[in-house]
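Computed from a predicted structure; not experimentally measured. In what follows, every heavy atom counts, from backbone to side chain, and hydrogens, waters and symmetry copies are set aside.
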Amino acid sequence: MKQSKFTMDDIHIGDEVLFEDTHPVQHNLFWRVVNKISNNKLIVEIREMGYAEKYTIFLKDVINLERNLAF
């Protein structure tokens, strides 16, 4: 099993994450964290260039984190 380099305490609602693509949408953009639903799942959304989508991702799939200090 792949180990995450981040913990749930590292990630806050409003932060942006880049994650390994396990969904049909190809992307390399940061997605905003909108909710934490368990100790290993996040709900993320993107609203870019007329595209809006939400996904549930596993913490282990997060590969980069950008803190949003405005939240």
Would you mind checking if R32 and E45 are paired as a salt bridge, meaning a charged N to carboxylate O distance below 4.0 Å?
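Salt bridge flag = yes for R32 with E45.
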Quick one, W31 with E53, criterion side-chain contact (heavy atoms from CB on, under 4.5 Å). Give me CA distance, side-chain angles, the key distance, then yes/no.
CA-CA 10 Å; W31 291 55; E53 191 67 56; 4.2 Å; yes
Can you tell me how far apart CG (L65) and NE2 (H12) are? Round to the nearest 0.5 Å.
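NE2 of H12 is found 8.5 Å from CG of L65.
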CZ on F6 to CG on D15, rounded to 0.5 Å:
10.0 Å
Check against side-chain contact (heavy atoms from CB on, under 4.5 Å), N64 and F30
CA-CA 9 Å; N64 202 350; F30 280 86; 3.8 Å; yes
Mind checking whether [X] and [Y] have side chains closer than 4.5 Å, heavy atoms only?
| X | Y | result |
| --- | --- | --- |
| I43 | I37 | yes |
| V44 | V17 | yes |
| I11 | L59 | yes |
| M8 | K36 | yes |

Can you confirm whether more than 12 heavy atoms, excluding those of R47, are under 6.0 Å from its CZ atom?
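12 or below, so no.
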Output, in order, the C-alpha distance, side-chain angles, deciding distance and verdict of side-chain contact (heavy atoms from CB on, under 4.5 Å) for I46 and L29.
CA-CA 8 Å; I46 192 165; L29 300 171; 3.6 Å; yes
Same cluster or not: are V62 and Y55 linked, directly or through other Ile, Leu, Val, Met, Phe, Trp or Tyr residues, by side-chain heavy atoms under 4.5 angstrom apart?
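In one cluster: yes.
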Using a distance-only test with no angle check, is there a side-chain donor-acceptor pair under 3.5 angstrom linking D9 and T7?
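Their side chains do not contain a donor-acceptor pair, so the 3.5 Å distance test is not met.
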Let me know which of N35, V34, I57, I13 forms a side-chain contact (heavy atoms from CB on, under 4.5 Å) with L42.
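Only one option passes, and that is I57.
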